[in-house]
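Mind having a look at this structure? Questions to follow.
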Protein chains: 2
Amino acid sequence: METTGTRTDTCAGPPQQNRRPDGQDRYTISEVVAFTGLTAHTLRWYERIGLMPHIDRSHTGQRRYTNRDLDWLDLVGKLRLTGMPVADMVRYAELVREGDHTYTERFELLQTTREDVLARIEELRGTLAVLDRKISFYADAGRALASERSR
Amino acid sequence: METTGTRTDTCAGPPQQNRRPDGQDRYTISEVVAFTGLTAHTLRWYERIGLMPHIDRSHTGQRRYTNRDLDWLDLVGKLRLTGMPVADMVRYAELVREGDHTYTERFELLQTTREDVLARIEELRGTLAVLDRKISFYADAGRALASERSR
DNA sequence: CGCTTGCTTGGAGCGCACTCCAAGGTTCTA
DNA sequence: TAGAACCTTGGAGTGCGCTCCAAGCAAGCG
């Protein structure tokens, strides 16, 4: 049976530790599932579309992830939260693979993303203001109804 | 030809005015497209899935939106920005249609949404911190490379 | 009157990000 | 050494939120 989103009982949570020290960091896919909250399907899919660096294999061909891979997945998770399309993340991954001469392009991509995140936060603040107005309206209406009932 | 996302040249922008005063507020679908930035397809689809209140029709059956409808679409737009699923918005619309006795339920739904938005903002802040760290890393690397080149 | 533009409908299609399946090989535990 | 649990692959399927299509009616204009 495929282990799919098993015991991530509580929600996402902060970056899980329990990592092994560098040198003994050869995690199976299901360990990475436990670390990241992603499914094994998604991890393999990320690899297929070029979102992952080359992943080590055991002598029988099973994936063995490293601490570096986990770090990368942390970053991907963060970028995902910003709403960045997977295609853009793949672009970034390609730049990383291409080597040092892509530093400026990566820099620009990150800065654009940063601006997007700031804009998103502002949008959400605007929405929060609207929600707060509505909520206080309903709170007032609720109080009015309650005093109506108690009369 | 279907008018689809015509002259919303600049980006979303603040809530457009140019509304007509209440009483003469009978907008065609293409006017609402101009106001909201949504497509006519999307507006009809919103109606089909129950996300809109009943929309007035002209004597020949064409939609005539009111200022109230525009207000509702503004709210929907804000909620959409929070990532709230359309199904949840439909639920909220149903509660509104069902009348006053759903006040508490609406109140709770809005409060839950408010919490979600706050959590989203916090997530984005976390991502921003990561981005800033990476950006300053690349900025340093860029400077190092520049001084390398100038030697 | 014809022409263009806009609006109507139900239903089909699309892009994204997964999500799952089938069939088979591997690894761990008792 | 049996059996359960886990891993592999390519490709197909899913759910969401639109997005578009075809065929037809309606309104304004020269």
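Letters go in sequence order (proteins before strands), and every chain restarts at 1. We use all heavy atoms of the structure for the numbers below, so side chains are in, but hydrogens, waters and symmetry mates are not. All values derive from a computational prediction rather than experimental measurement.
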- Item | Salt-bridge contact A:Arg26-A:Asp69 (side-chain N to carboxylate O under 4.0 Å) | no

- Query: Any side-chain donor paired with an acceptor under 3.5 Å for B:Tyr92 and B:Arg106?
  - Reply: no

- Query: Rounded to whole angstroms, how far apart are CD1 on B:Ile29 and P on D:dC25?
  - Reply: 20 Å

- Task: Rounded off to whole Å, could you give me the NE2-to-C1' distance for the A:His41 and D:dG11 pair?
- Result: 13 Å

- Message: Within a 6.0 Å radius of atom CZ on B:Arg68, are there more than 12 heavy atoms belonging to other residues, nucleotides or ligands?
- Response: no

- Between residues 55-67 of chain B and DNA chain D, which residues have a heavy-atom gap below 4.0 Å? B:His59, B:Thr60

- Query: C:dC20 P sits how many Å from A:Arg44 CZ, rounded?
  - Reply: 12 Å

- Query: So, is B:Tyr46 near the phosphate of D:dG17, with a side-chain N or O under 4.0 Å from OP1 or OP2?
  - Reply: no

- Task: Round to a whole Å and report the spacing from CD of A:Glu47 to P of C:dA17.
- Result: 18 Å

- Note on the structure: Taken to the nearest whole Å, CZ/A:Arg48 to P/C:dC18 is 13 Å

- Message: With a 4.0 Å cut-off on N to O distance, would you call A:Asp71 and A:Arg19 a salt bridge?
- Response: yes

- Task: Round to a whole Å and report the spacing from CG of A:Leu43 to P of C:dA17.
- Result: 16 Å

- Message: Any side-chain N or O of B:Thr28 below 4.0 angstrom from OP1/OP2 of C:dC7?
- Response: yes

- Query: Distance only, no hydrogens: is a donor on one side chain within 3.5 Å (strictly under) of an acceptor on the other, for B:Arg64 and B:Tyr27?
  - Reply: no

- Item | Residues B:Asp25 and B:Tyr65: side-chain donor-acceptor under 3.5 angstrom | no

- Item | Distance, rounded to the nearest Å, where B:Ile49 contributes CD1 and D:dG15 contributes C1' | 14 Å

- Give the rounded distance in Å between these two atoms: CH2 of B:Trp45 and P of C:dA12. 17 Å

